[in-house]
Amino acid sequence: MIKQLSVFLENAPGRLAGLARTLGDSGINMHALMVAEASEFGMVRIICDTPKKAKTLLEEAGFGASVTDVIAVEVPDAPGGLADALEVLGANGANVAYAYCFIHPLEKGAVDVLKVDSDDAEDMLTKAGFTVLAEEALYVPDPVS
Amino acid sequence: MYRPEIESAPREAIEKLQLERLQSMLIRVYDNVGMYRKRFDEAGFDPRSVQSLEDLSHAPFTTKDDLRNAYPYGLFAVPLKDIVRIHSSSGTTGQITVGGYTRHDLEVWAELVARVLTAAGATADSIVQVAYGYGLFTGGLGVHDGSQLLGAMTVPASGGNTKRQVKMLKDLGVNLLACTPSYALRIAETMQEMGVDADEMALHGGVFGAEPWSEQMRTQIENGLGIRATDIYGLSEVMGPGVAGECECQSGLHVFEDHFLLEVVDTETLKPVPDNQYGEVVFTTLTKEGIPLVRYRTRDISRIILGECACGRTLRRMERITGRSDDMLIIRGVNVYPSQIEQVLLGIPGIAPHYQVVLSKKGSMDHIEAQVEVAPGFSFDEVSKLEMLKRQVGIELASSLSVSISVKLVEPKSITRSEGKAKRVVDLRVKEEGAAGQ
């Protein structure tokens, strides 16, 4: 599992910019960002360095933020790569709540971020031959306290 | 109890005292206050004819408008040289009103506050922090005087500068906090932000009033501050905080009937309602010298609680204020009190105890929107969870208020925190011409 920073934003001009600026000013580097929008608010999902520290900084700046465990799985950067991974989950009866992809910063593949309603999803993917990534592979983790 | 011989006196003794005081008070206002002389004469009410407490129901009412029209000194029953202090109502709903207190009035007031503080667990050894605003508002100086009379070490913190409030609560070893319930929540929240734990404090009690609050809000305050929270009631027109107060049983507010005669009347017919039935609270001051009031309509909605209280006090109890008929919102013909909305919101996990209700017009229809804060601990990653929360709030509001209210989820800590009375309702509806205005 990796840690995703999740932020609740009101649908108002400048809020997303404020979020990005707050993280930027604190020297926190983002690797992926995805906005899910509803009519009045948005949900921003971010993969960044030191996500727990980022959450604390955002809360101090008046944002509603939480840290969520999500699965990061490496998929080949080729047609059908994502489909293969998702089919493994579907075949095992695991439901995907949301998903998004980004290009792996170091390897020549894609990273698929998944929120799945099953605790065994990582095992399913590993058994099917997929590489499930740990925090260190994608970003600077929070120091262990 | 601070004055057990009065607070737990037999009912007959209390009522006998009330009647004596009522008779002399009615004659006093008739002789000294022009408005009452005129009103009594017009109503054919002879103050010398009163033989029982029930006879008071023939006397005319006094309203907030009467106080406004008498501004500043029209209702004073003593010469100005006998007045030693002035307080004023907040004036948020219109022309301000002025209250004048004689030395004796201030002594009575301090004693009544001391009774509430005692019931809340304070003694002469306690340290009491008063975080009500000091000044024209009755909260600060009123509670201050009561605390000093009790002999408690009194910290006149006044409102505002919340971080300093927390620091003093902790560093001085304060035992009891007095402020508005919404400010108590703000203080609890600030403690959390500052990383101050309730266990580090000597605080064990709080006396909160000046705005309606709910049982759910009490739980939030008690958990947040690690204390027992006590309700104090009062209004500047009648005196200030200390007209009534909760005891250790937390089951209604004992009205200090040796100084105030309590009636509950039907809001339409203005006839007294039976005990246990809701209506508008009406007070007649029995001992006040500066501005005695006959049958003052408070606009507060409550009821008299039946039965004896386990604490041993015989003073009758009124239920915590459900709302003010002033605050009552009429939404598409349905009466709604902000406190009802609060009660629903505070019962829903995932919602913070901060909210604002915004009224506007959509075409010719009233539109009401409850802006509620998502609690800081909420997991913010899935839109569907928030949509569900929003729907749940909407459904629960609609089912308990019988009117549909649109819900807007707003970011944590985005609703302005108050340092005094919280502003829960923003009315953007333009009052139509000819409509009854304030």
Side-chain angles (χ1 to χ4, degrees), chain A residues 1-19 22 32-48 51-52 54-72 95-100 113-117 145, chain B residues 162-163 166 186 188-196 345 348-358 360 362 367-394 397 404-417:
Chain A
M1 291 279 197
I2 64 164
K3 306 277 181 207
Q4 169 192 277
L5 179 64
S6 314
V7 188
F8 172 70
L9 284 187
E10 266 171 70
N11 228 342
R15 282 309 277 164
L16 185 59
L19 164 66
T22 305
L33 179 146
M34 195 268 212
V35 181
E37 59 131 51
S39 55
E40 289 158 359
F41 52 83
M43 215 81 313
V44 187
R45 297 156 189 159
I46 300 167
I47 303 298
C48 65
K52 285 182 187 164
K55 169 191 179 260
T56 311
L57 288 166
L58 287 177
E59 283 184 337
E60 281 166 7
F63 289 92
S66 60
V67 170
T68 319
D69 285 330
V70 290
I71 295 170
N95 193 39
V96 176
Y98 56 81
Y100 53 100
V113 178
L114 301 165
K115 174 77 182 280
V116 183
D117 70 354
S145 55
Chain B
T162 312
K163 282 189 177 163
V166 172
R186 174 87 190 94
E189 198 174 69
T190 305
M191 272 168 57
Q192 216 175 9
E193 286 166 8
M194 294 168 67
V196 175
L345 294 180
I348 302 175
I351 293 291
H354 300 280
Y355 67 94
Q356 199 158 45
V357 175
V358 181
S360 57
K362 269 195 178 169
H367 180 72
I368 177 167
E369 180 179 81
Q371 299 183 348
V372 301
E373 279 187 15
V374 184
F378 198 83
S379 150
F380 289 109
D381 70 317
E382 288 181 42
V383 174
S384 60
K385 279 188 208 157
L386 276 169
E387 294 281 14
M388 248 157 64
L389 179 67
K390 181 178 152 165
R391 228 174 8 249
Q392 186 197 356
V393 173
L397 282 173
S404 76
I405 290 182
S406 73
V407 176
K408 184 178 183 191
L409 299 178
V410 300
E411 293 179 32
K413 300 184 187 175
S414 65
I415 288 171
T416 317
R417 303 297 193 253

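Quick caveat, the model's predicted, so the values are computed rather than measured.
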[X], part contacting chain A, at a heavy-atom distance under 4.5 Å:
X	value
B:Lys413	neither
B:Ser384	neither
B:Val374	side chain

Quick one: list whatever passes side-chain contact (heavy atoms from CB on, under 4.5 Å) with B:Lys163, sequence neighbours left out.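 Residues passing side-chain contact (heavy atoms from CB on, under 4.5 Å) with B:Lys163: B:Thr190, B:Met194.
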Residue list, side-chain contact (heavy atoms from CB on, under 4.5 Å) with A:Ala72, at least two apart or on another chain: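 Testing A:Ala72 for side-chain contact (heavy atoms from CB on, under 4.5 Å), a comparison that skips the adjacent residues, returns A:Ile2, A:Val111, A:Leu133, A:Leu138.
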Name the region of [X], side chain, backbone, both or neither, that has any atom closer than 4.5 Å to a heavy atom of chain B.
X	value
A:Ala97	side chain
A:Gln4	side chain
A:Glu40	side chain
A:Leu5	neither
A:Ala12	neither

Distance under 6.0 Å and angle within 45° of the ring axis: does A:Arg45 meet both against A:Tyr98? yes
Salt bridge present between A:Arg15 and A:Glu37 (N-O < 4.0 angstrom):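 Salt bridge flag = no for A:Glu37 with A:Arg15.
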Check whether any side-chain N or O of A:Asp117 sits under 3.5 Å from a backbone N or O of A:Asn95 as a donor-acceptor pair, and report yes or no. yes
Check whether any side-chain N or O of B:Gln371 sits under 3.5 Å from a backbone N or O of B:Val410 as a donor-acceptor pair, and report yes or no. no
